[in-house]
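FYI, side chains are in, hydrogens and waters are out, and symmetry mates aren't considered; it's all heavy atoms of this structure. Just so you know, residue 1 is the first one in the sequence shown, and it goes up from there. Just so we're clear, the structure is a prediction, and the values are computed from it rather than from any experiment.
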Amino acid sequence: QVQLVESGGGLVQAGGSLRLSCAASGGTFSRFSMGWFRQAPGREREFAAFINWNGRSTYCADSVKGRFTVSRDNAQNTVYLQMDSLKPEDTAVYYCAAVRERTTIVRFAAHLYEYWGQGTQVTVSS
């Protein structure tokens, strides 16, 4: 059973930065491609970013492209989401998710992911 634990959330002013981490345990991390999703109050969970198993394929949603960067360190069993130029509309609970798949195809849909973290709150004040 794979466990995912996010950290790094918090309160930041608009224009600021945060780096989220997601530490994985209980499986061979390099066998998993990873996604970041977010859910704002009253809204559906939405895709934010994807990174494949070896880190060579990444993708960010249009809403965060150019501001967010996804990366991973397989030696540390950790995936990261660097968030710069944050906006109030980025306020949400952020989740990391894992799918046991060595692919280069971006996985946008939440239902494709097998494991989820508990989420970390990001609040951006104006």
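Of all heavy-atom pairs between Cys60 and Lys65, the closest is O-CE, 2.9 Å. Across Thr78 and Ser21, no two heavy atoms sit closer than the pair CG2-CB, 4.2 Å. Considering all non-hydrogen atoms of both residues, Ala14 and Ser126 come closest at CB-CA, 4.4 Å. Shown here for Val5 and Gln118, the closest heavy-atom pair between the two residues is CA-OE1, 3.7 Å.
Side chains of Ser33 and Asn52: a donor-acceptor N/O pair is absent below 3.5 angstrom, by distance only.
Residue Arg38 holds its CZ atom at 15.5 Å from SG of Cys96, rounded to the nearest 0.5 Å. Gln39 contributes atom CD, which lies 9.5 Å from atom CD of Glu46 (distance to the nearest 0.5 angstrom). Note that CG of Asp90 is 4.0 Å distant from CZ of Arg67, once rounded to the nearest 0.5 Å. Note that the CZ atom of Phe50 and the OG1 atom of Thr103 stand 6.0 Å from one another [nearest 0.5 Å]. If you take CZ on Arg72 and CG on Asn54, they are separated by 8.0 Å, rounding to the nearest 0.5 Å.
Taking the ring pair (Phe, Tyr, Trp, His ring centres under 6.0 Å) definition, one finds that Trp53 meets it with nothing, sequence neighbours left out.
In the hydrophobic clustering of ILVMFWY residues, with side-chain heavy atoms under 4.5 Å counting as a link, Tyr59 and Ile105 come out apart.
A cation-pi arrangement, defined by a distance under 6.0 Å to the six-membered ring centre and an angle within 45 degrees of its axis, is present between Arg19 and Tyr80.
The hydrophobic cluster containing Val2 also includes Leu4, Val12, Leu18, Leu20, Phe29, Phe32, Met34, Trp36, Ile51, Val64, Phe68, Val70, Val79, Leu81, Met83, Leu86, Tyr94, Tyr115, Val122, Val124, under a criterion of side-chain heavy atoms closer than 4.5 Å among ILVMFWY residues, counted directly or through chains of members.
Arg102 CZ: more than 12 foreign heavy atoms inside a 6.0 Å radius.
Using a 30° and 60° split on the angle between ring planes, Trp116 and Phe37 fall in the tilted class, from 30° to 60°.
Without hydrogens or angle criteria, Glu6 side chain to Gly119 main chain gives a donor-acceptor distance under 3.5 Å.
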